[in-house]
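Scroll down for the structure; my scribbles are underneath it.
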Amino acid sequence: MQLCNLLLLSVTVQNVVLAWSPTNGYAPGNVTCDNDINIIRNASGTLSSNETNWLEKREVVVEEALQSFLKRAFTNFSDSSILDHLFKNSSSTSNLPKIAIAASGGGYRAMLSGAGMISAMDNRTRGANEHGLGGLLQSSTYLAGLSGGNWLTSTLSWNNWTSVQDILDGFDNDTAIWDLEHSLLTPGGINIVTTYERWNHISDAVESKSDSGFNTSLADIWGRSLSYYFWPSLYRGGVGYTWSTLREAEVFQNAEMPFPITLADGRYPGTTVINLNATNFEFNPFEMGSWDPTLNAFADVKYIGTNVSNGKPVNQGHCIAGFDNTGFITATSSTLFNQFLLQINSTSLPSFLTNFITHYLEELSRDSDDIAIYAPNPFKATEFVDSNYSTSIVDSDYLYLVDGGEDNQNIPLTPLIQKVRDVDVIFALDNSADTDQYWPDGASLVNTYQRQFVKQGSNLAFPYVPDVDTFVDLGLNTKPTFFGCDANNLTDLDYIPPLVVYIPNAEYSYASNQSTFKLSYSEKERISMIRNGFEAASMNNLTDDSSFLSCVGCAIIRRQQQGNNFTLPSECETCFTNYCWNGTISNKNISGLNNSDFASTAAASAVSSISASVSDVSVTGSTTSTRNKDSGANVLEINNSIVAELFSIFSIIFSLI
Ligand SMILES: *[C@@H]1O[C@H](CO)[C@@H](O)[C@H](O)[C@H]1NC(C)=O
Ligand SMILES: *[C@@H]1O[C@H](CO)[C@@H](O)[C@H](O)[C@H]1NC(C)=O
Ligand SMILES: *[C@@H]1O[C@H](CO)[C@@H](O)[C@H](O)[C@H]1NC(C)=O
Ligand SMILES: *[C@@H]1O[C@H](CO)[C@@H](O)[C@H](O)[C@H]1NC(C)=O
Ligand SMILES: *[C@@H]1O[C@H](CO)[C@@H](O)[C@H](O)[C@H]1NC(C)=O
Ligand SMILES: *[C@@H]1O[C@H](CO)[C@@H](O)[C@H](O)[C@H]1NC(C)=O
Ligand SMILES: *[C@@H]1O[C@H](CO)[C@@H](O)[C@H](O)[C@H]1NC(C)=O
Ligand SMILES: *[C@@H]1O[C@H](CO)[C@@H](O)[C@H](O)[C@H]1NC(C)=O
Ligand SMILES: *[C@@H]1O[C@H](CO)[C@@H](O)[C@H](O)[C@H]1NC(C)=O
Ligand SMILES: *[C@@H]1O[C@H](CO)[C@@H](O)[C@H](O)[C@H]1NC(C)=O
Ligand SMILES: *[C@@H]1O[C@H](CO)[C@@H](O)[C@H](O)[C@H]1NC(C)=O
Ligand SMILES: CC(=O)N[C@H]1CO[C@H](CO)[C@@H](O)[C@@H]1O
């Protein structure tokens, strides 16, 4: 291995590398750029011109797909004349509803269950057009993913917009996507040589980045190891594959796929606790940055890694490329290591284990090794921070990003509720593990709802949702539920937010409440998870309610229908009665209904919501565990096997660092 490296090195030195290219591998490198380039823009009130141009192309594609979707949905409607108002062919202005899909975090559980949900919306899935929501994915404008949900959305997007169906069908290919039989830690299974080789390649890649003068951390190793499962047909799992290359992919250029967005949270240097004031970052194929007042800026994602001041390269004409490695960005959204540290004292692990793990995690955390490091900071000395907010992000030489779910908003909603994006309906796929049985309980929605009332979220609006106890008591967490159905109820908010179609993970044909830390799935388990997700998103393949497809159609047209005062198809009234949360709460003392009730709701949910990334760590031996709502501490469960996995992860990682 060492010898090989030396040979490689000497070759590289001889052919002096003038410009970074994917063949350089994982290490970012120099490229020339315009002398007057500025990689930063002011986020205030506008989309990037590139996104705006892209949206125009997408609208044409969506119009056709949505029209055929709604025609199918409204087949049996007595009056579907509303369709004539929504589409261009009969009126000169388009009232096209804008649809977004958001996939929550939660490790492989969220990736697989979310894949099933998305497959139910994809007209390329066998059966989706007959007993699912086939065509909804084709009708969507945005597709956001966070942590495990981002593994899903990035896998599809950066594999030439492949489908879940194709992934399932290709399971016995040499280069099958999501071959999860073997744990991340032992990718070769019983073949130790393969495992050894894999980790050697990972180690070489991360070292090459470090040797080129860039800070590396656990996130680099994490990203490299995950990439082999997501981009298996590319050389070393896409070691030189970058995020911004999607701009050159035909499928993206022709807007034949939705606009992918990934979410991560900012973490201030020296801190570990993250709350709703955390800066939410988004990555899209054009840009990375934040709409939040603490940054209010976006950088051209292709040139992050360049040493800039207020967006201008410090060395005029010299930029860095290759920093936006696809695996690295995917890992950034899923660095949940810190969460484990924060929760470790409330586990029932033996104290020697706690001490052991704490010791290492704290060391990692102190050195910021557990989080993704973006340095040089692309936002250094930018001037767009709202004057009422801290400038600590733009003052720092380093930008630290962590798992997008660490602020307990485990569904990537903030990019989609931005007023400027003008989304009408969001399909929120919730595969969080909030309850002690690893099911979602609506906490992610509650937190995003609450964020509009904290300082950082003051320019946001999100529909009213109940507290998590109501979610559970009314079973809103076991079947699809619509929130914010009536725009007239939302006029107290900053603006009319999108209607939210909440689709929670629930058991249909398979116990899909698997641990976030389950690091391998057999082919049978994988198929079962995906199948169950399909059923969860389709009211059991439309057998639990044959009108569910129509009701989804009603949710999609609702904002445009109300906003333009079009006649609502009468069948939609029944749908809204059946699927909309009507304001009922199960406990009158706890209310999520308005701002003045915020404090009590916040208290209630702070107790019951905990990042999915961790709340499903489960306890050895004990058959049941209860949540201690009074102290606010969650009693977590740890499986022996999970501990074993974590140990191996840490031992391998530490031998590498
Ligand atoms: C980029 O080029 C400069 C010299 O112009 C060199 O000092 C630096 O190490 C190079 N950076 C990378 C990442 O290759
Ligand atoms: C950013 O844009 C907003 C809205 O156009 C504007 O009010 C603000 O002055 C801009 N900020 C800077 C620093 O240019
Ligand atoms: C899926 O939808 C797209 C976009 O409307 C359409 O072009 C394609 O033919 C559809 N495919 C199937 C299999 O229905
Ligand atoms: C629902 O449809 C999916 C996709 O066609 C299929 O895999 C699954 O077996 C179906 N489930 C039931 C209960 O029929
Ligand atoms: C991407 O997929 C399309 C079909 O969906 C195919 O025509 C095209 O060749 C693929 N592109 C690449 C680069 O594989
Ligand atoms: C890979 O899977 C696809 C189905 O997705 C199949 O058509 C193709 O033949 C497979 N290729 C190999 C090399 O097995
Ligand atoms: C957010 O920040 C504001 C102002 O600094 C502070 O008053 C508030 O308590 C913070 N909220 C949370 C949830 O930390
Ligand atoms: C866990 O408990 C130990 C000692 O009881 C304490 O030193 C440590 O700070 C605690 N860790 C966290 C994350 O609260
Ligand atoms: C909406 O339309 C109804 C009749 O369809 C009419 O009575 C009502 O005044 C209209 N409302 C607005 C705000 O235009
Ligand atoms: C609202 O929903 C609850 C249960 O979800 C139901 O008991 C109640 O009757 C509904 N209220 C109205 C006015 O429809
Ligand atoms: C919406 O407003 C109506 C009338 O103001 C009220 O009866 C209803 O409970 C509200 N629904 C929700 C979900 O807040
Ligand atoms: C961030 C980004 O993608 N910027 C591009 C937007 O489009 C213009 C022209 O099409 C390009 O020059 C930018 O690089």
Side-chain angles (χ1 to χ4, degrees), residues 9 12-13 15-22 24-33 61 122-124 138 156-163 165-167 170 175 177 207-216 231 233-234 238 240-241 245-257 265-268 271 273-280 292-294 303-307 313-325 375-376 385-386 388-392 406-409 446-458 460 598-599 601-603 605-607 609 632:
L9 193 68
T12 320
V13 169
N15 315 311
V16 176
V17 181
L18 293 174
W20 183 89
S21 83
N24 290 37
Y26 192 65
N30 285 311
V31 290
T32 54
C33 51
V61 178
D122 189 342
N123 73 357
R124 298 169 296 178
Q138 280 68 28
L156 299 180
S157 301
W158 273 265
N159 274 299
N160 192 24
W161 190 234
T162 190
S163 64
Q165 184 73 66
D166 270 355
I167 292 176
T175 55
I177 294 170
E207 248 171 55
S208 74
K209 179 173 174 181
S210 169
D211 290 348
S212 299
F214 296 92
N215 296 68
T216 57
W231 298 287
S233 62
L234 300 182
Y241 194 34
T245 49
L246 193 64
R247 298 176 198 173
E248 278 110 56
E250 243 177 83
V251 66
F252 180 74
Q253 284 188 342
N254 298 340
E256 289 160 22
M257 56 179 285
D265 287 344
R267 186 170 111 186
Y268 288 109
T271 65
V273 178
I274 297 194
N275 62 32
L276 290 175
N277 279 327
T279 307
N280 287 186
D292 290 342
T294 42
Y303 295 121
I304 57 175
T306 304
N307 191 1
V314 171
N315 291 323
Q316 203 187 34
H318 292 277
C319 288
I320 291 291
F323 194 95
D324 62 328
N325 180 275
V385 177
D386 185 311
N388 298 312
Y389 293 77
S390 155
T391 54
S392 64
E406 286 211 21
D407 61 354
N408 290 336
Q409 298 184 92
V446 172
N447 285 305
T448 300
Y449 163 75
Q450 285 170 350
R451 193 169 189 262
Q452 68 191 312
F453 305 117
V454 306
K455 195 174 179 200
Q456 183 73 275
S458 57
L460 294 176
F598 169 57
T601 320
S605 89
V607 175
S609 72

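Atoms within a ligand are numbered from 1 in the order they appear, just like the ligands themselves. Hydrogens, waters and symmetry mates play no part in the numbers below; they use all other heavy atoms, side chains included.
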Looking at Pro28, which atoms of ligand 1 are within less than 4.0 Å of one of its heavy atoms? 13 (C)
N or O pair under 3.5 Å between Lys455 and ligand 7: no
Do Asp265 and Asn280 have side-chain N/O donor and acceptor atoms under 3.5 Å apart? yes
Near Glu250 CD, under 6.0 Å, is it more than 12 heavy atoms from other residues, nucleotides or ligands? no
Tell me the closest heavy-atom pair linking Phe214 and Gly305, and the distance in Å. CE2-O, 3.8 Å
Under the ring pair (Phe, Tyr, Trp, His ring centres under 6.0 Å) test, residues paired with Tyr303 that sit two or more places apart: none
If you count only heavy atoms, which residues are under 4.0 Å from ligand 5? Asn160
Sequence neighbours left out, what passes salt bridge (Lys or Arg N to Asp or Glu O under 4.0 Å) with Asp292? Give chain and number order. Arg451
Return yes or no for this condition: an N or O of Ser212 is under 3.5 Å from an N or O of ligand 1. no
Phe252: what forms a ring pair (Phe, Tyr, Trp, His ring centres under 6.0 Å) with it, not counting sequence neighbours? Trp54, Phe286
Search all heavy atoms of Ile320 against all heavy atoms of Pro28 and return the closest pair with its distance. CG2-CB, 3.7 Å
CG of Leu460 to CD of Gln452: how many Å apart, nearest 0.5 Å? 7.5 Å
Phe214: heavy atom below 4.0 Å from ligand 1, yes or no? yes
